[in-house]
Every structure is written in C-alpha cells, then in structure tokens.
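Every number for a ligand or one of its atoms is a count from 1 in the order of the listing.
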Amino acid sequence: MPEKIDPWSSKLEVKNYDKLLKEFGIQDFENMLKRIREPMLTMKRGIVFGHRDFDRVASAMEKKKKFVMLTGLMPSGKFHLGHKMVADEIIYLQERGARTYICVADIEAYNTRNQSLDKLRKTAIEEYLVNYIALGLKPRNCDFYFQSSRSSDPEKANAYYKLIGMVSNRTTMNEMRAIYGELTPGKIMSIFTQVADILHPELPEFEGECPVVVPVGVDQDPHIRLTRDIATRMKGNKEFDFMPPCSFYHEFMPGLKGGKMSSSDPNSYIALTDSPKAAKEKVIKYAFSGGRDTVKEHRERGGNPDIDVSYQMLRFMFEPDDSRLKKIRDDYMSGALLTGELKQFLIEKLTAFLTSHQKKRESAKKQVDKFLKK
Ligand code: TRP
C-alpha cells in the first residue's frame, strides 16, 4: 500500500517515514546536518527527517543572506505540544535571520471547516500568537497576517490577491486529483490560496528574489509539491519569477494515547495552557506505556521506549541532554527504570515548562498589538 497524504485529515499517522521519503521524493535530512552550524535538537535526533532543497536555506543562513521562513496555521482550538514543535522551528529560523511570515489560514478554515472569521481570528491571536510570543517570537522582521486581510498597504494586498487569482492556470484538474484525491470547491480555493501564501514573499512588493523555507508537518507536503511545480512552470513568465520553495518535515509527536496528538481530543494532547496539575493527571492516566504488565516482568524483561509516549516526549523536547536521555533509555530497557518513575521524570519537566511558560504568556498578551499593526 502506498502511503497517502491528505492534508485535511486530522487522522494522518505515518507508520514508515523512510517509505514516505522514497515515495514522494523527499530528501533525507541527515545529509544536511553537517551544513548547519547549530542544528535544532529535533534535527540532531533525526526527528526532523526530511527536506526539499534545504541546502539553499542552509547556505543563506551560513552567508547571512536574505531568506524567508513562511508557515501557516489553521486556528483550530487549543495550542498543544504538537504545535509547539512548529513554533520552535519558526523561532529557530527567525533567530538565524529569517524574515518571518506567519499566515493565519482563516479563509481555508472558513471554507473547509465552516467557522466564522471572528472566532477564527480570536483563536489565532489568543492561542497561537500569544504562545508564539511567549516561546520567543519577536516582532522585528515578523509579518503575521490573515488570508482574509493581507495588508493595510494596498500595493501589497493587491499583489497577494492577484497571485491567488492567477496561479490556477499552471495546473490541471487531473494533476490536482492525483495529488489530493477527492476535491471540493472549498479545498480548491484553499489550495490556490496556500500556493500564493508560499510564493508571495518573493514578489517585488514583499522581499523580492530569495529562498523561502516552509516548516510544516509532513501532512502539508502535497501543497509543497504542487507549489514547487507551479513555481517551476511560471519560470520564464513575464509576470512572475519564483524559485521553488524549500521545506523540512518533522515526525509527529505522538499523542498521549499513542496515535496522533489532535486538537479534537483533549486526552490526546497537553495544551500549553493546561495547568501543571491537569497535565500531570493526563500523563498518569493516559500516557501510553511501553512497560510490562507487572513490576516483576518489567524488572526481568525491561520496557520498550520506542512506543512509550512519556519517553518519546522527553526525546522530542523535554530532555535536551543526550547522555541523560540515553541513560533513561538504557535503564528503561534493562528494567531498572519503571513506568511510574519514567512518567515522573516527564511530569517534572512538564511542570517546570508549563509554570514558566504560563507566566510568560501574561506578558506576551501585552505585546500582541506589536504583531498586528501593519
Ligand atoms: N493548510 C495549512 C494547515 O492546514 C495552513 C496553511 C495555509 C499553510 N497557508 C499555508 C501552511 C502556507 C504552510 C504554508 O495547517
């Protein structure tokens, strides 16, 4: 069975990331590591597993040349640890010189999830923006925009909406069906809007020619593929001249019960606004364990960290020290470390993070306006 990717499904679970690389021609990220001076923890640990043309971004970072980081968000519900992975990537790139574009996909959410623009705006600001700021996003060189109102500068706004209107003549219905399967008018509208989101930073009204990198979950790769093809086909066109955008992909952080961390199931995620107490209870009650059924059996045969959600959360973000992580892994596998003790490690890290983050959120709320005035 080929892997299939539906960017609108909330259920995507990838069983085999290597297979995904091969099938969709995504490049292995490992080869990229030596090109990056200070790779992120997730890059070093192989959690960031694939990319398209990240070379161009790596050399822009190295030579301190202009480049853009652009990503988008569907403002749906609570901001959780899965969203934090993308936020960390945004901030990492901003700190390394990226002009930072963050797109609130409110038109997409309106057309595919039928929510009101007012409610979407509120969620985008109170959940996403406030958390981004508390995690370290800076207003300098940051363009946080809504698909429904690109800019108060009419030249910029016109350039963006004109591009949305014009990208469709570089693809066909057959190609779109091959990429996306079943389509609806709402999806088609969202696709062209997203193509323009990704390409528009290179317009002369914005940054002009430079590499654009899009950090996203691999569920968004179909959009990247189509956008890269459209960009290539536009070459030589008098009106537009784009380089195919670059991207990189991380594995999904597992949800508490295994499976996907999903906004639609509160017991699958830890939200950044969950109280430390609530988070602790969720970990104790729901975090899937790779341990054995009895202490005796666990001591004798050891646990499996690869399927253990608490261990994975430490690996994805909460235990930055490689040697400590390795000790946890070894002790868990030998049976020296019990599931309850492993959960306790995670709970301590989570408590410290949530407590300090929630304080930062309070001051972040006061900075929101700096990101919204344009
Ligand atoms: N479709 C994306 C999502 O579901 C949101 C999005 C809109 C996006 N425009 C974008 C993502 C541009 C990356 C780049 O989350």
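Protein heavy atom nearest atom 9 (N) of ligand 1, with residue, atom name and distance: D197 OD2, 2.9 Å. Protein heavy atom at the shortest distance from atom 6 (C) of ligand 1 is Q194 OE1, 3.5 Å. Considering only non-hydrogen protein atoms, atom 2 (C) of ligand 1 sits nearest to Q220 OE1, 3.2 Å. With respect to atom 15 (O) of ligand 1, the closest heavy atom belonging to the protein is M74 CG, 3.7 Å. Considering only non-hydrogen protein atoms, atom 13 (C) of ligand 1 sits nearest to G72 N, 3.3 Å.
Summarising the contacts of atom 1 (N) of ligand 1 with H83, E108, H223, the nearest heavy atom is found in E108.
For the residue pair E89 and H250, a side-chain donor N or O sits within less than 3.5 Å of a side-chain acceptor on the partner.
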Exercise. Would you sort out whether Y101 and F144 count as a ring-ring contact (aromatic ring centres under 6.0 Å, His included), showing the intermediate values?
Key: CA-CA 6 Å; Y101 284 61; F144 184 88; over 10 Å; no

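Under a 4.0 Å N-O distance rule, the pair K235/D241 qualifies as a salt bridge.
Formation of a donor-acceptor pair under 3.5 Å by the Q220 side chain with backbone atoms of G217 is not found in this model.
At a heavy-atom cutoff of 4.0 Å, ligand 1 is contacted by the side chain of L70 but not by its backbone.
Within a 6.0 Å radius of NZ in K359, other residues, nucleotides and ligands contribute 12 heavy atoms or fewer.
Short contacts between ligand 1 and I198, defined as distances under 4.0 Å to a heavy atom of the residue, involve ligand atoms 12 (C), 14 (C).
Ring pair F79/Y132 is perpendicular by interplanar angle, where above 60° counts as perpendicular and below 30° as parallel.
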